[in-house]
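In what follows, chains carry the letters A, B, and so on, assigned in the order in which the sequence lines appear, proteins first and then strands, with residues in each chain numbered from 1. The structure displayed is predicted, hence computed values, not measured ones.
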Number of protein chains: 2
Amino acid sequence: MTATPRRVTQRDIARMAGVSQATVSLVLNNRADADVRIAPETRDRVLRVIAETGYAADPVARRLASRFNRIIGVFTYEPAFPSGSRDFFHPFLLGIEEYAERVGCDLLLFTSAPVIDGRRRIFHQDNRLRLADGCLLLGREIDADELHRLNRDGYPYVAVGRRDDAGGPVPYVGADYATAVGRLAELAIARGHRRMTYLSMGIDAESSEDRRRGYLATASAAESARHRPATAADAEAVLDDLLADGSTVAFVEDFATAVALERAARRRGLSVPGDLSLLTLGDPTVPVPTELAFTGFRIPREEMGRQAVEVLTRVIDGSASGVQQRLLPCELVEGATLGAPEPAVDRP
Amino acid sequence: MTATPRRVTQRDIARMAGVSQATVSLVLNNRADADVRIAPETRDRVLRVIAETGYAADPVARRLASRFNRIIGVFTYEPAFPSGSRDFFHPFLLGIEEYAERVGCDLLLFTSAPVIDGRRRIFHQDNRLRLADGCLLLGREIDADELHRLNRDGYPYVAVGRRDDAGGPVPYVGADYATAVGRLAELAIARGHRRMTYLSMGIDAESSEDRRRGYLATASAAESARHRPATAADAEAVLDDLLADGSTVAFVEDFATAVALERAARRRGLSVPGDLSLLTLGDPTVPVPTELAFTGFRIPREEMGRQAVEVLTRVIDGSASGVQQRLLPCELVEGATLGAPEPAVDRP
DNA sequence: CATGATCGCTAATACGTATTAGCACGTCGA
DNA sequence: TCGACGTGCTAATACGTATTAGCGATCATG
């Protein structure tokens, strides 16, 4: 491992081709403006030397000079491990990578961001955001203070998933949970359900709030529309509660909880959807083994990733007019867990 | 989208604190050498201003000046889509990200590299390698010319997976396929198998070559040790061939092919491992639905990712002495597809 | 032939940081 | 009182590129 030989620079190329460094830069950038002209012979000569030496411009210097990098930062909020949340991020990343490739950008994963108080921080001692032209934010819960600061600094970013205002509107590409859950509620009511319960994950994120809002907007037409928190570990108690209430359908935020509920019901000799209908409100975020096809909806994760990159590039190059906020529709999934309620004993 | 307000620089900090830009830099980098002294009051004053303004050094300028960036490049050779190869890369990336986080490096995915003649190229017009301090190379087949060039340029890199020399030894962290396959062959022989066939994927990669080598080294002790290419689509013909040859065990490079063979055997009323033993030589690279637990070995993909980053950081900071080449052991998996051969009719 | 206009290129500078030689100002010892 | 030395800082420069004002030469035009 000898000392690295100094890399070839434009100055070297210039010397070899008998021109100035500026000329090399102009040739390299294919500048053909009215006020920048290079004779074809000169251009060819420079290009030949470049080809011979295999020169490639240093992207760092380039960025320093021009303020653009063709690098898109990706910040994942929740700790990437254990691989549970990995499977959550993966579809987004697929879409992001696909679109980044299309527009010729590299992706910078901010893995160096330190975890402080159990959560990754964008802003810290050695903040590296500016390495990228702009940044995508991924994560169920995003720190509002950090959004404030991004807004204040005028740093180009786009959140994947809807976000409340934080010192100004937050640009995002999200999923339209409210409408999707509303549709499911309509379906349930159309099937004859009158008493229903919404089982929340108990986290305080916008994604959760939107689902609940969609539920309340539509389900409030029913005889009874409750909501309560629930986890998979809780399944037995939750099931008790549903039965006691006479709910014939549950809207389950967390996929794993739905699986656990179905299993608990089966153990008691109850059937889904015969005795209880279950609706799931998004794809599983953790791999859960189940044979059952749940009725619910699909989050367009890949498409969200793609469009987030698209919006971000717009924000970066300034071609975006106004605040960029998009909600993508979720596709309803016709599964086997929504049925008609048992004809109930009339209640007084 | 108004014009971006110029970001705060060291010069601004310097002006506010009444010192020079150099002093700010020195304070920031906590320099305490013998020949660099800053009075505690001055240091505090500068630090206070930094805290007030929320200043953070521009990593780009920093890199230009210091030649180090704490960025690790990741180059994936095979086209990332369809998501089949995605599942192949994923475990590597998990390990890579984990270790990168540990050493405080960001990851740069070279998604901008163009695909030429059906394969991604590192070197092209607008080569962005130098954005990273060094680079990891992923992919079953890596272009030897590009390795040559990396070696020639003295660019720090590490391949994930063993590579043949390319104008010099190639630093890598690979899996010890030869030993693993050799072990499987020993197992087969110990169980009484005497006629065996190796079914290759027919690609010309080092990973394939190593497996074959391990097979030949050990299996050649058997009565007959053939090898031939095979694909999943081919399963019927391959099965004919195995039976005709009297092979009682097959070493199957491609997981999907093993699945297809078992299915074909079952259709003919043959049982695995009763009539034919199947050994797989690595985890599935494409999700294949199967209930069967195949006997074979596990590739330590995550660990390979981690160690690749570790080695790369060593190469970058120059603390690596000599060429870095590591082979990690594969863990044997005791499945249900290796049995004892039917007591065969004596052959003359 | 004088005067612009156009062409082809270069010199100079900016980008924001890290590094280093060295300056100004003490202080101390003889 | 004078050099030697230590302290605390700054001026200058490098890193490699992009950009722009502008210079000399050539060309067209009256």
Can you pull every protein N or O that's under 3.5 Å from an N or O on nucleotides 5-12 of chain D?
from    : atom 1 : to     : atom 2 : distance (Å)
dC9(D)  : OP1    : T42(B) : OG1    : 2.2
dC9(D)  : OP2    : A39(B) : N      : 2.3
dC9(D)  : OP2    : T42(B) : OG1    : 3.4
dT10(D) : OP1    : S20(B) : N      : 3.2
dT10(D) : OP2    : S20(B) : N      : 2.9
dT10(D) : OP2    : S20(B) : OG     : 2.8
dT10(D) : OP2    : T23(B) : OG1    : 2.2

Just jot down the ring pair (Phe, Tyr, Trp, His ring centres under 6.0 Å) partners of [X], sequence neighbours excluded, or say none.
X: Y172(A); answer: none
X: F75(A); answer: Y77(A)
X: Y157(B); answer: none

Taking the minimum atom-to-atom distance to the side chain of R31(B), which one of dT20(C), dC15(D), dT19(D) wins?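 It is dT20(C).
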
Give the nucleotide from the list dA18(D), dG16(D), dT17(C) with an atom nearest to the side chain of T9(B).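 That would be dT17(C).
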
Residues in side-chain contact (heavy atoms from CB on, under 4.5 Å) with D165(B), at least two apart?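 In terms of side-chain contact (heavy atoms from CB on, under 4.5 Å), with neighbours along the sequence ignored, D165(B) is linked to P169(B).
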
For A205(B), give me all partners under side-chain contact (heavy atoms from CB on, under 4.5 Å), at least two apart in sequence or on another chain.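 Result, side-chain contact (heavy atoms from CB on, under 4.5 Å) vs A205(B): E141(B), I203(B), S207(B).
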
So, is Y55(B) close to the dG16(C) phosphate, meaning a side-chain N or O under 4.0 Å from OP1 or OP2? no

side-chain N/O R63(B) vs dC15(D) OP1/OP2, d < 4.0 Å: no

d([atom1], [X]; [atom2], [N]) in whole Å:
X: E41(A); N: dG8(C); atom1: CD; atom2: P; answer: 8 Å
X: D58(A); N: dC15(D); atom1: CG; atom2: P; answer: 12 Å
X: R62(A); N: dG16(C); atom1: CZ; atom2: P; answer: 18 Å

Quick one: salt bridge (charged side-chain N to carboxylate O under 4.0 Å, His left out) pairs with a partner in residues 38-49 of chain A, sequence neighbours left out?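 Residue pairs passing salt bridge (charged side-chain N to carboxylate O under 4.0 Å, His left out), neighbours aside: none found.
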
Who passes side-chain hydrogen bond (donor to acceptor under 3.5 Å, both in side chains) against N29(A), sequence neighbours left out? none

Would you call E146(A)-R149(A) a salt bridge at under 4.0 Å N-O?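 Salt bridge: no.
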
Helix axis bend for the helix from dC1(C)-dG30(D) to dA30(C)-dT1(D) - C1'-based end axes, five pairs, 10° rounding: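 Computed from the C1' atoms at both ends, the axes differ by 60°.
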
Given that V24(A) and R11(A) both sit by DNA chain D, which one's nearest nucleotide is further toward the 5' end? R11(A)

